[in-house]
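Structure first, then comments.
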Amino acid sequence: MKDILSEIVERRKKDIEKNGLEFGFDIPKTRARKLHPFLEKKGVILEVKRASPSKGDIAPNLDSAQTAKSYAQAGAAAISCLTETNYFKGTLQDLMNVCQAVDDFEKESGRTGPAVLRKDFLLSADEVEIAYRAGADAVLLIARILSEETMVSMAKKCSFLGMTALVELRTDEDCEKLEKTVAAAGKENIVCGVNSRDLKDFSIDLLTPCMMLSKIRRIMGENARVIFESGVRTPSSASFVGSLGFSGLLLGEAAAKNMKLRKDFVDSFTQAEETPNARFWRKFTEKRLLEGKKPLVKICGLTNRDDAKKACELGADILGFIFWEKSPRKVSAPVVREMKDFPAIKAGVIVDPDLPESKEAIELVKNGFLDVLQVHTMDGARKFLSDRELSALPHYCAVNLSGSDDAKNLDELFDMGEPRVLVDAQAKGKIGGTGTMLSEELVALAQKKYRLWLAGGLNEANVAEAAEKFLPELIDTASGVEESPGKKDYKKMTEFFAALGK
């Protein structure tokens, strides 16, 4: 797969060699405007962005000054300005225009304007100084493209000038560079950011920033300012990110394209409070860090304590209990209460949140007997997520795919801020335990965009091949390890786990 980040950097080096670090623009010899503090309290960074490698043109006719002024009026804590030309169609002139627009906003409103971030693929301390002279209050330092020595020199330059370095991290190697940078340059002028979009292939994972939170705080302290970058497309998604404990949210495409929603994005993030759902996903990310690369396993359709106990002994990560009267694997609350001490995550599968059996599962979550709800079917998910009280509970959604059109449901759920969605096969009159496998084309379609949670017809004979081919984060099986609906076959279960090397 083409490494887009490396391509951008190599092309940029050639442009610098040809045009110099100022790229032909008339940058002031000295800075003319005051420095603004960068993200001292929880807030949203809205981005001046015309295009991207993943989306192409986003807002090609965008006026950088007018856009910046509208962002300031919407309550942005900071404005990010893209100055990379080849792929994002930004320039250093845009940066100067944005800074002037912020100054004009301050004069007209009498209010303090947002800080301005130069967002680019900067490669040297000299570029930091150019950003400073152009008016920027902060610069982006992408750890992945910088050597430790270069990152230290750039951070020191920021500190000397009074600017903020927004250090973008995604890997353990990046964190090692951060640790050395903090030791050499101090932490006062450093804010950390984690991009949910992998700049290598531009895939998105809303939980990647969450996985990095604890690592960053071990280096920077519990009060570290950490920004969630990219991947948020709706106010509800911004609210989810806000509930996870991030100091800031950087919005690019969504802010540039949706003028009427800019204030909604800001309010949704800044007003979001921690929820049980946020606590569940933070805990889940810690589990993934410990588990490593092997897929998690969910054994679903459990109806009795013995089967659930055996699943735990074999290494099940999630136990699934179905609360739907039409299922041959339906279970009742008293049975689930017997398993509160089991170490695996316990998921209650519901279809329509208004059904009596669904309400039973919801109460089990509220009282700590179940850890999470699996909301099956798109209709059920929409109803569940539209209820603010319900959506605050630990949950994930599951959808049945029968064709490429159904993939739109995945996009809808991820756009709403759902970090994981289980994909299952479609079978008439059934929502799970169909014994039917998804086509390779549909699985590949889901895998290409998102971290894959896979169900549908998986058994001891085919699970190893599926795991190797599609690299799912989670594998779900019900009928594939049964001797009859609701009764597990221990031999099949044992072979299923053995096939995965668990």
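Here the structure is a predicted model, which means the values were calculated and not measured.
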Electrostatic pair [X]:[Y] at N-O distance under 4.0 angstrom:
| X | Y | answer |
| --- | --- | --- |
| Lys69 | Asp63 | no |
| Arg233 | Asp411 | no |
| Glu229 | Arg170 | no |
| Glu357 | Lys330 | no |
| Asp371 | Lys340 | no |
| Lys491 | Glu495 | yes |
| Lys366 | Glu363 | yes |
| Glu482 | Lys492 | no |
| Lys487 | Asp307 | yes |

Separation of [Y] [atom2] from [X] [atom1] (nearest 0.5 Å):
| X | Y | atom1 | atom2 | answer |
| --- | --- | --- | --- | --- |
| Glu440 | Phe470 | CD | CZ | 4.5 Å |
| Ile142 | Glu168 | CD1 | CD | 5.0 Å |
| Ser80 | Lys119 | OG | NZ | 5.0 Å |

Distance to the ring centre below 6.0 angstrom and angle to the axis at most 45 degrees; does that hold for Lys42 and Phe269?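 Verdict for Phe269: a cation-pi partner in Lys42.
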Could you verify whether a donor N or O on one side chain and an acceptor N or O on the other, from Asp264 and Ser268, lie under 3.5 Å apart?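 Asp264 vs Ser268: no donor-acceptor pair found between side chains.
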Any chance the side chains of Tyr396 and Gln374 put a donor and an acceptor closer than 3.5 Å?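 The criterion, which ignores hydrogens and geometry beyond distance, is satisfied for Gln374 and Tyr396.
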Quick one: sort the Phe284 and Phe280 rings into parallel, tilted or perpendicular, breaks at 30° and 60°.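 Phe284 and Phe280: parallel rings.
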